[in-house]
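Numbers here simply count residues along the sequence, with the first being 1.
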Amino acid sequence: MCARGQQRILVLTGTLGEGHNQAARAIAEAAAGAAPDAEVRVVDYMKWTHPKLHSVSRFCYMQGIKGLPLVYGYLYRATREENRLSSLFKQLRTFRTQRMLQLLEEMQPTVVVSTFPAAAAAMSYLKQNWLTSVPSVTVLTDYARHSYWIHPGTDRYIVGAEPLRQALIAQGVSPGRVVATGIPVRSQFGKAYDRKALCRKHGLDESLPAILVMGGGDGLIGRSIMRLLEESSVLPRAQFIIVCGHNDRLRRQLQERLAGIEGHHRVLLTGYVPYVHELMAAADVMVTKPGGLTVSEALSQELPMILFKPIPGQEQENSAYLAGLGAALEAGSRNELLERLRQVLAHSSLRARLRRNAARHKPVEGARRALQAILELHATGGGAVVQVQVAVASPAAAVVGDAVTVAAAAVAAASGAAVLRAPRSQPETANVLPF
């Protein structure tokens with residue numbers, strides 16, 4: 001049992017993309033340094049609420065963004081504002097209510113932080129139906145406003161920049177509930193490093209420009225870069241660091257293709273690594289998909305970016321935001337990518353301008369500031385469930401918090417799960433006591 005008054009922070013994340021997890025880890029790391037007496041627990045919301053279905057949901061998500069990006073983009077745009085369709089999605093439940101209440105009862109958190117929109121929706125549902133009174137914080141992990149992040153039961157929103165804060169206020173969120181801290185990134189990003197030492201450590205040639213290629217934790221753009229390397233040597237000689245993330249199959253395929261490429265460029269191929277901050281510090285430019293966490297980490301390192309073929313939806317909005325800051329160039333095709341690489345490698349003044357703009361807008365101690373906003377909310381008081389009995393019509397009922405999780409809801413329905421509307425009144429079976 002925790003001592004009375006001790007801060008207990010429950011962080012709910014999700015595995016649809018690595019960014020939600022990275023933000024959760026950054027908050028936990030900040031708490032370990034700034035609030036060592038606090039108990040912090042990071043829980044994968046999808047895995048907790050659906051132990052057997054979460055991997056299927058993730059597969060559907062990845063297949064959707066890779067194979068049907070236009071469909072994803074349509075759903076994203078159609079539900080961006082508060083309208084009948086987005087309201088319908090918010091009323092759909094695919095999480096197991098009893099599992100969420102069990103988690104709250106086990107930990108008895110003083111505050112719940114959600115870096116995953118479906119988790120924020122679930123907490124709002126529980127609060128709106130008097131099943132818990134624990135303060136709920138939502139951390140937006142993109143530079144984009146979307147209805148799936150906005151819920152009436154959320155007590156505080158943490159966003160990456162002031163323009164996004166103003167956008168939420170314009171959407172009707174009370175100004176006092178929104179704090180612009182910068183997207184939380186781990187403390188390793190933003191530190192000063194010795195580039196020569198890093199080049200020696202990672203086997204890089206410090207005399208050659210270094211191009212870091214990232215496609216998120218799943219390495220989605222490695223094949224496009226490899227085709228560029230195969231097709232021509234029109235780029236000035238450089239070294240490419242290709243991070244394949246968790247995609248071991250992609251890494252093996254690229255290794256086989258590398259064996260047949262003449263060595264005009266140097267290529268370092270790697271999987272998921274815990275030292276991305278060092279690779280960013282050693283690089284001259286990064287080619288990446290514009291995920292919110294990845295671009296925030298690059299901003300912290302003042303690293304010029306080329307944002308490649310953003311997926312319709314939040315990636316396009318992230319890309320537009322970074323390009324608007326003057327910290328990144330956009331490339332919508334392989335030919336545009338080749339041209340952007342030529343420009344960046346040929347003109348040191350362009351690289352310097354991109355670095356200056358990144359430095360001007362980098363999130364300074366975003367994780368620590370986010371933690372401060374979380375702890376300030378905890379200080380206002382909260383509650384937790386002590387005894388609750390809830391009638392659940394299906395073992396797999398949840399709030400659809402992301403447009404793409406419609407696919408997961410379909411899987412749940414196919415397995416016999418009921419899709420329920422959130423009740424508008426307090427469930428008669430609930431017995432809720434203050435914490």
Side-chain angles (χ1 to χ4, degrees), residues 1-15 17-48 100 103-117 119-120 122-123 127 132-142 149 154-161 165 177-191 217 274-277 292-294 296-297 299-300 362-384 435:
M1 179 66 68
C2 297
R4 182 175 179 81
Q6 182 183 13
Q7 296 151 342
R8 296 181 296 280
I9 305 171
L10 172 61
V11 185
L12 298 176
T13 182
T15 50
E18 186 62 20
H20 305 294
N21 293 330
Q22 294 285 27
R25 294 185 192 111
I27 293 169
E29 178 192 82
D37 293 334
E39 177 188 351
V40 182
R41 181 178 176 186
V42 177
V43 174
D44 185 327
Y45 163 84
M46 292 179 63
K47 189 173 183 179
W48 177 267
M100 280 294 295
L103 180 60
L104 296 179
E105 185 173 353
E106 283 182 4
M107 185 176 178
Q108 296 193 7
T110 53
V111 62
V112 175
V113 180
S114 300
T115 66
F116 186 59
M123 280 300 301
K127 294 192 69 173
T132 184
S133 58
V134 179
S136 178
V137 179
T138 296
V139 179
L140 277 69
T141 54
D142 290 294
W149 285 107
T154 300
D155 299 292
R156 176 157 293 176
Y157 297 92
I158 293 174
V159 300
R165 177 177 180 270
R177 294 169 60 201
V178 194
V179 183
T181 66
I183 291 178
V185 300
R186 291 173 295 151
S187 61
Q188 295 96 322
F189 296 93
K191 291 183 178 180
Y275 49 83
V276 169
H277 55 287
L293 263 291
T294 299
S296 296
E297 291 166 349
L299 278 179
S300 297
K362 69 179 182 180
V364 179
E365 296 189 324
R368 183 192 61 80
R369 294 170 62 198
L371 175 67
Q372 181 179 356
I374 292 166
L375 296 181
E376 285 175 353
L377 180 63
H378 155 257
T380 65
F435 169 66

Give me the atom names and distance for the closest heavy-atom approach of [X] to [Y].
| X | Y | result |
| --- | --- | --- |
| Y157 | L140 | CD2-CD1, 4.1 Å |
| P109 | V134 | O-CG1, 3.7 Å |
| T138 | A120 | OG1-CB, 3.3 Å |
| L371 | A34 | CD2-CB, 3.9 Å |
| A23 | T141 | CB-CG2, 3.9 Å |
| R165 | A180 | CD-N, 4.1 Å |

Trace of the side-chain contact (heavy atoms from CB on, under 4.5 Å) decision for L375 with I9: CA-CA 9 Å; L375 296 181; I9 305 171; 3.9 Å; yes
Could you tell me whether the side chain of [X] and the main chain of [Y] form a donor-acceptor pair under 3.5 Å?
| X | Y | answer |
| --- | --- | --- |
| R186 | E29 | no |
| D155 | S136 | yes |
| R156 | A373 | yes |
| R177 | T154 | yes |

Worked verdict on M100 versus M123 for side-chain contact (heavy atoms from CB on, under 4.5 Å): CA-CA 8 Å; M100 280 294 295; M123 280 300 301; 4.0 Å; yes
Close side-chain approach of [X] to [Y], heavy-atom, < 4.5 Å:
| X | Y | result |
| --- | --- | --- |
| K191 | H277 | no |
| L103 | L12 | yes |
| V112 | L104 | yes |
| P135 | T110 | no |

Test log, rule side-chain contact (heavy atoms from CB on, under 4.5 Å), inputs L293 and N21: CA-CA 10 Å; L293 263 291; N21 293 330; over 6 Å; no
Aromatic ring pairing W149/H20, orientation class (parallel under 30°, perpendicular over 60°, tilted between):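 Tilted.
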What is the distance from atom [atom1] of [X] to atom [atom2] of [Y], rounded to the nearest 0.5 Å?
| X | Y | atom1 | atom2 | value |
| --- | --- | --- | --- | --- |
| D142 | S296 | CG | OG | 8.5 Å |
| L299 | F189 | CG | CZ | 12.0 Å |
| R368 | T181 | CZ | OG1 | 10.0 Å |

Between Q372 and R369: side-chain donor-acceptor atoms closer than 3.5 Å: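 Absent: no donor and acceptor within the cut-off.
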Derivation of the side-chain contact (heavy atoms from CB on, under 4.5 Å) call for I27 and V42: CA-CA 9 Å; I27 293 169; V42 177; over 6 Å; no
